[in-house]
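See structure below.
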Amino acid sequence: MFDTLSDRLASTFKNLRGKGRLSEADIDATAREIRIALLEADVALPVVRAFIKQVKTRATGAEVSQALNPAQQVIKIVNEELIGILGGETRRLRFAKQPPTVIMLAGLQGAGKTTLAGKLGRWLKGQGHSPLLVACDLQRPNAVNQLQVVSERADVAFYGPQPGNGVGDPVQVAKDSIEYARTKQYDIVIVDTAGRLGIDAEMMQQAADIRDAVGPDEVLFVVDAMIGQDAVNTAEAFRDGVGFDGVVLSKLDGDARGGAALSIAHVTGKQIMFASNGEKLDDFDAFHPDRMASRILGMGDMLSLIEKAEQTFSQQEAEKMAAKLAKGPKEFTLDDFLAQMEQVRKMGSISKLLGMLPGMGQMKEQINNLDEREVDRTAAIIKSMTPGERQDPTILNGSRRARIARGSGVDVSMVKNLVERFFEARKMMSKMAQGGGIPGMPGMPGMPGMGGGARKKKQVKQAKGKRKSGNPMKRKAEEEAAAARREAAQSGNPLGLPQGGDQSPQNFELPEEFKKFMN
């Protein structure tokens, strides 16, 4: 959603780099570019004005003029001000002293309240709570059935005594759900209310009546992040008509300009608490202003990536795998390779995971074109092998590879490439587990695991020269290979990258064996 804004800001900051000092004209030009980028992203005009004013005030002060690197200082100021308009610190849910905690969802029809109720329930269950979803949207056709289906998929409890479709009293359902939750010992009640295609007095009154009947601990306003400036207008109307404590952004994975997300917290004074960034029930998390600002500025989001890894990977399994790799490369089998791959897949979309890494903003096109089905094809190949073949892939001959290819529905060449990639990955992982660093990387003294390790005191006796082949064609090939190795060694480039020229990230070429993943 913020790709366009990120690209514009990156281009603006690129012009600042390399300057020893910034003149007033440089700061004015930077502020103008940032203003245009924010307006193009559909950020509300009052928010843009306040943001630019604060950036210019800080950028023209001693904070930048006395800095060793003024350009980086300006980026730091923009990052901090961006965090400010996104709400500042992360806002947590308030829980009732005596359960159940009541959370009421409000918003327009189509904002995604019903689906989001299931996502929130699943997220809270993962936090150790026992939520109950309550169907109080009795106007929209099949809204009650939809919430029931969502609750089953999210594996959380459901309460919907009225059939809906215009039948039933939503206020009474909300009241009864509190007593039901106490009886069944649910500690959180999530009330899904009705919406309309636009703001009207009847919807506002019904939401206010439900609020007065249940006295919610949190009223969350659910807004579609793709509707632009209307999101701000709707939020202000709900704030004045019903009142809410926090905002939940839905459809944050859309391709709209995303200015609503940057405007709501500043305009309404209410912080964004949660964000939904996908269709799956797991595509939901707490909103962290500092992490979102970091993503917008192309700095990645390593903290969220680490949290996802901690939720997916077991510490015990990780230690077990590390111990296995330390024993030697042959201990790591294709079964282990498949298990690790499936664990990564559980973390979510691989393209989204790559997008959280710093600097990946310059490889957006490759990431967006990444073939997620490649993981499924790899899994199918491994599962088509016998247990013995997974334990020892060296036994795979031509006939075995042909059988595996037929079983997994792929070409024989794909089976061969997978095995070759596995051997390379196993060798590298074993080397890293033993503290030897990544093969091919130069040694870095004092940093085990980041190079070839400490140098041995005794020099290894040089091996005798290899005899030349008597075949002229073969001898010529050997001499050319030796010349190429000497040239690479003299260039001082252990990775074999070309020397000189423009080696910026956007001109970086992936190795051939990785290009298949970017089709």
Side-chain angles (χ1 to χ4, degrees), residues 1-91 223 225 228-229 231-233 235-236 239 246-247 249 252 257-273 275 287-301 303 361:
M1 175 164 283
F2 299 110
D3 283 355
T4 303
L5 177 59
S6 297
D7 293 342
R8 287 298 300 263
L9 291 176
S11 177
T12 301
F13 295 141
K14 187 177 181 181
N15 297 329
L16 293 178
R17 293 189 176 96
K19 294 190 177 184
R21 59 181 298 276
L22 298 181
S23 65
E24 190 173 338
D26 291 330
I27 294 173
D28 288 341
T30 301
R32 183 170 59 252
E33 289 297 322
I34 294 174
R35 182 188 294 111
I36 294 171
L38 292 173
L39 291 174
E40 285 184 348
D42 210 19
V43 180
L45 184 59
V47 179
V48 176
R49 285 174 175 165
F51 181 83
I52 296 300
K53 180 182 178 181
Q54 191 66 16
V55 169
K56 286 189 70 174
T57 301
R58 292 181 61 184
T60 53
E63 186 176 353
V64 170
S65 62
Q66 297 178 6
L68 294 175
N69 191 324
Q72 289 183 0
Q73 199 67 22
V74 170
I75 296 173
K76 177 176 177 287
I77 290 171
V78 172
N79 181 51
E80 290 173 355
E81 293 302 322
L82 204 53
I83 293 171
I85 68 169
L86 286 170
E89 296 181 357
T90 303
R91 161 87 152 76
V223 60
Q229 291 301 307
V232 179
N233 300 331
E236 289 182 310
R239 180 195 60 190
V247 178
L249 289 175
L252 202 59
R257 289 176 289 181
L262 301 179
S263 306
I264 286 180
H266 188 274
V267 172
T268 65
K270 303 295 182 181
Q271 286 181 281
I272 303 170
M273 296 178 61
F287 185 86
H288 303 280
D290 53 342
R291 302 183 191 181
M292 182 56 69
S294 181
R295 287 194 201 185
I296 292 172
L297 294 178
M299 300 175 188
D301 186 1
L303 286 176

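Here, residue 1 is the first one in the sequence, and each next residue gets the next number. Scope of the values below: all heavy atoms of this structure, side chains included, with no hydrogens, waters or symmetry mates.
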**Report entry** Set of residues satisfying salt bridge (Lys or Arg N to Asp or Glu O under 4.0 Å) with respect to Glu33, sequence neighbours excluded
**Finding:** Arg8

Donor-acceptor list for residues 44-56 side chains, cut-off 3.5 Å, not counting sequence neighbours:
from, atom 1, to, atom 2, distance (Å)
Lys56, NZ, Asp28, OD1, 3.1

Report task. Determine, stepwise, if the pair Ile264 / Lys270 fulfils side chain to side chain contact (heavy atoms under 4.5 Å, CB included). Result -> CA-CA 8 Å; Ile264 286 180; Lys270 303 295 182 181; over 6 Å; no

Query raised in the report: Quick one: CD1 on Ile83 to CG on Asp290, what's the gap to the nearest 0.5 Å?
Result: 5.5 Å

Requested in this report: Please report the shortest heavy-atom distance between Gly87 and Pro289, naming the atom on each side.
Outcome: C-CG, 4.3 Å

Report summary line: With sequence neighbours left out, the residues meeting side chain to side chain donor-acceptor pair (under 3.5 Å) with Thr90 are His288

Query raised in the report: Atom CD1 of Ile34 and atom CG of Leu39: how far apart are they, to the nearest 0.5 Å?
Result: 12.0 Å

Query raised in the report: Rounded to the nearest 0.5 Å, how far does CZ of Arg239 lie from CD of Glu236?
Result: 5.0 Å

**Report entry** Close side-chain approach of Val247 to Phe287, heavy-atom, < 4.5 Å
**Finding:** no

Query - side-chain contact (heavy atoms from CB on, under 4.5 Å) partners of Arg91, counting only residues at least two apart - result: Arg94, Glu218, Asp245, Gln271, Met273

